[in-house]
Protein chains: 4
Amino acid sequence: MANSDDDDSIGGSAARPGKRKRLVSAASDLLYQQGVENTTLADIAHAADVPLGNVYYYFKTKDEIVSAVIEAHVHDIEEMLASLDRRHRTPKSRLKALTRELTDQRNVIAQYGCPHGTLCSELEKRTSGTDHATVRLLEIPIEWTERQFRAMGRHDAHDLAVEFMAAYQGAAVLTQALRQPELLTHEGRRLKRWIDSLEA
Amino acid sequence: MANSDDDDSIGGSAARPGKRKRLVSAASDLLYQQGVENTTLADIAHAADVPLGNVYYYFKTKDEIVSAVIEAHVHDIEEMLASLDRRHRTPKSRLKALTRELTDQRNVIAQYGCPHGTLCSELEKRTSGTDHATVRLLEIPIEWTERQFRAMGRHDAHDLAVEFMAAYQGAAVLTQALRQPELLTHEGRRLKRWIDSLEA
Amino acid sequence: MANSDDDDSIGGSAARPGKRKRLVSAASDLLYQQGVENTTLADIAHAADVPLGNVYYYFKTKDEIVSAVIEAHVHDIEEMLASLDRRHRTPKSRLKALTRELTDQRNVIAQYGCPHGTLCSELEKRTSGTDHATVRLLEIPIEWTERQFRAMGRHDAHDLAVEFMAAYQGAAVLTQALRQPELLTHEGRRLKRWIDSLEA
Amino acid sequence: MANSDDDDSIGGSAARPGKRKRLVSAASDLLYQQGVENTTLADIAHAADVPLGNVYYYFKTKDEIVSAVIEAHVHDIEEMLASLDRRHRTPKSRLKALTRELTDQRNVIAQYGCPHGTLCSELEKRTSGTDHATVRLLEIPIEWTERQFRAMGRHDAHDLAVEFMAAYQGAAVLTQALRQPELLTHEGRRLKRWIDSLEA
DNA sequence: TATGAATGAGCGTTCATTCAT
DNA sequence: CATGAATGAACGCTCATTCAT
């Protein structure tokens with residue numbers, strides 16, 4: 001299969017990770033930092049150190065690269081949440097750990113916004129009707145958050161989850177627009193207090 | 001000066017607004033609905049019914065049109081807030097009226113997101129360092145909101161204002177990504193209850 | 001209108017015929033000599049001495065150029081037949097004059113085939129389902145030929161017209177494939193004899 | 001020699017013809033239906049179920065595949081004519097049988113034209129001077145037809161053969177352009193009558 | 001002021017061909 | 001023999017911007 005995710009480094013002369021992975025990784029960074037429309041395939045190819053023509057061996061269109069980036073994000077999100085599940089036992093500590101994960105990124109977010117939120121916003125405006133795969137980027141953390149609130153015994157778990165995620169997404173928008181990383185820190189602290197204040 | 005804001009229709013047959021205004025208005029709509037990068041100057045000229053070559057009489061570059069759109073947004077926001085000031089007397093009713101203004105747009109927001117938030121996100125990623133004029137789009141309502149909270153006697157007025165605006169921006173992001181206008185309605189109700197619950 | 005067929009040379013500085021015309025003319029020649037697929041837009045632009053980017057001011061797509069070439073062919077055919085109508089009085093002399101027109105081109109046909117027949121063949125195989133405008137290229141002369149046979153009092157005018165055109169098209173195919181211009185001359189002579197031999 | 005025509009399936013599980021044969025067969029179909037320029041090597045490899053990289057073991061260039069397709073056509077034509085020689089005794093019945101062979105294909109011809117005529121037309125326009133091998137595609141049936149007319153005692157056998165083939169090729173062109181399979185049927189009937197009417 | 005026309009750099013994409021194993 | 005991967009030149013097309021009148 002062409003779309004192998006494996007490295008091509010076993011016994012070979014080139015010791016770098018697989019090209020497909022490199023392409024997705026480079027694309028992920030560039031789409032995030034420059035936006036989808038401002039990023040050319042040549043940019044991506046160059047950043048991944050892959051000849052331009054070769055990109056099309058792995059992805060038939062630019063849209064397909066975008067999709068692959070979304071999938072990679074989904075994968076990363078799921079892994080991060082699974083890691084939180086492993087490292088923390090109570091719902092409250094899990095939620096606060098997630099909050100911490102988000103605020104830890106305050107500096108990049110002040111530059112480029114939330115990687116998932118801005119990607120959603122941008123792709124919803126593309127004419128080519130990207131298949132709305134981006135929705136998972138926000139659904140997955142909402143669902144996870146909802147599970148935590150439910151585990152706390154809250155019957156309004158879904159509403160709380162939406163409130164939580166909206167608070168984070170909005171803070172990210174303001175943080176980027178105002179270029180104030182501290183804003184996100186501040187909102188993070190508030191959210192942690194809010195989580196602590198919730199009762200069953 | 002060439003860039004007159006006045007109509008150019010005096011003595012003419014039709015009473016259409018001046019070309020510059022038509023261009024800004026068309027650009028405002030298209031940038032919002034299609035995104036900045038997906039909108040061509042030809043699109044804008046066509047929508048404004050202005051010959052393409054003529055656009056450059058009013059705006060030297062595409063960036064200048066974008067700036068004019070931002071200015072128009074700023075103007076609209078200020079007018080809207082001034083109107084709220086006029087129509088409502090107490091800070092709480094003003095804040096709830098603002099909330100209502102925002103939720104009233106739930107259907108367009110579900111399609112294109114918040115006109116100001118998405119514009120900020122998008123422009124922050126452009127290579128050509130747009131002069132960060134977008135910041136006013138969010139600063140102005142934050143400051144206005146802060147004034148209301150302060151008038152309520154709250155010493156944490158700024159924090160509350162940020163919390164309020166973040167809640168709205170985040171709700172807009174989720175509303176667009178999940179394509180659920182009701183989500184915004186729901187968050188609006190919650191915000192109104194929250195406002196009512198605040199004490200001096 | 002952009003698609004003006006007029007010259008742009010009246011009082012202007014450039015004294016060459018209109019660019020659109022030059023483009024269609026160059027395209028017509030190149031499509032004929034090299035085939036549709038082998039001819040690039042850069043080829044056409046170069047031959048017409050028009051900057052590549054400017055081609056798209058006149059034609060939105062390559063297909064549109066091809067269509068314009070077909071229309072030009074249709075126009076030429078109609079003018080040629082009208083000229084035959086004017087210059088000859090009897091159906092028989094008209095038909096023989098047409099035969100002469102065709103055989104006069106024997107040398108180019110030996111190189112590139114019949115300009116209309118080869119264009120039809122090629123375009124029928126394009127995936128993009130060109131709107132079958134090519135059919136007129138053969139229908140028009142068939143109909144004209146049929147009118148002549150009918151004027152001769154033949155009730156089988158349509159069949160004779162098809163037979164005539166098929167004879168010419170087939171001769172053109174063989175002439176090109178075998179690279180023998182004389183073959184077309186010979187078939188032309190035969191056709192003239194055949195026309196003469198027909199009775200009412 | 002590497003370019004064996006034999007099967008490579010001895011001892012294998014399936015009895016599929018050898019790769020080379022499959023490639024030529026797939027290429028023959030695709031070149032006919034889509035045209036030479038519109039058919040990629042990947043298309044051919046896919047249709048033949050041969051890995052793309054492997055194609056170059058059998059054919060050094062795309063042109064070589066085209067040549068092989070022509071050779072295959074030549075072979076098929078010769079076989080078909082030999083079969084007619086075997087199955088029919090008199091020249092007239094042989095010629096009418098050939099006519100029947102051709103009209104039997106009216107439906108494909110209405111879609112793609114004559115497999116040999118369109119191939120000739122197309123290849124004559126390629127820049128890379130294909131070695132004019134296509135000429136055999138039309139020469140062989142002309143020569144065979146000429147032999148039949150000569151066997152009938154006609155001294156103008158060559159002219160009649162050219163007339164016959166031109167009639168068929170032209171009918172094929174019209175049939176495809178006008179998309180009327182019946183046109184070929186009709187011309188076939190006329191040709192049979194014509195053959196019958198010929199005297200020594 | 002106004003405008004149709006022009007311009008060229010660049011983009012996404014294709015494909016015959018080659019290479020390393 | 002076989003094959004997945006690689007390569008780069010070229011193609012059709014777009015678009016912000018400029019020009020001539």
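Below, read A as the first sequence line, B as the second, and so on, with proteins coming before strands; counting in each chain starts at 1.
In summary, A:E37 and A:R126 engage in a salt bridge, as defined by a charged side-chain N under 4.0 Å from a carboxylate O.
Here A:Y57 does not reach the OP1 or OP2 of F:dA6: none of its side-chain N or O atoms lies under 4.0 Å away. Between B:Y56 and the phosphate of F:dT17, there is a side-chain N or O to OP1/OP2 separation shorter than 4.0 Å. Proximity of A:K19 to the phosphate of F:dA6: a side-chain N or O atom is located under 4.0 Å from OP1 or OP2.
The NZ atom of C:K60 sits 14 Å away from the P atom of E:dA5 (whole-angstrom rounding). Distance B:H46 NE2 to E:dG4 P: 13 Å, rounded to the nearest Å. Atom pair B:K62:NZ and F:dT18:P shows a separation of 15 Å (rounding to whole Å applied). Summarising the geometry, the separation between CG on A:D63 and C1' on E:dC11 is reported as 14 Å, rounded to the nearest angstrom. Computed from coordinates, the A:R20 CZ to F:dG4 C1' distance equals 15 Å when rounded to whole Å. As rounded to whole Å, 18 Å separates atom P of F:dT17 from atom OH of B:Y58. One can place CG of A:L52 at 13 Å from C1' of E:dC15, the figure rounded to the nearest angstrom. Protein atom CG of D:L41 is 20 Å distant from nucleotide atom P of F:dT7, rounded to whole Å.
At distances below 3.5 Å, not a single donor-acceptor pair connects side-chain atoms of B:E124 with backbone N or O atoms of A:G113. For C:K19 (side chain) and C:V55 (main-chain N/O), no donor-acceptor pair under 3.5 Å exists by modelled atom type. Between the side chain of B:S67 and the main chain of B:D63, a donor-acceptor pair closer than 3.5 Å is present.
Listed candidates were F:dA2, F:dG12, E:dC11. Nearest to the side chain of A:T40 is E:dC11.
Comparing B:N54 and D:T61 along DNA chain E, the residue whose closest nucleotide (by nearest heavy atom) sits nearer the 5' end is B:N54. Taking the nucleotide of DNA chain E with the nearest heavy atom to each of B:V50 and A:G53, the more 5' of the two is matched to B:V50. For A:P51 and B:T39, each mapped to the nucleotide of DNA chain F holding its nearest heavy atom, the one lying further toward the 5' end belongs to A:P51.
In this structure the side chain of D:L119 never reaches within 4.5 angstrom of the side chain of D:H116, judged on heavy atoms. D:L23 is not listed as a side-chain neighbour of D:I65, based on a closest heavy-atom distance of 4.5 Å or more. Within the 4.5 Å cutoff, side-chain heavy atoms of C:L41 are placed close to those of C:Y56.
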| Dot-bracket notation for DNA chain E, counting Watson-Crick and G-U pairs under 3.5 Å, with | for partners on another strand | .||||||||||||||||||||
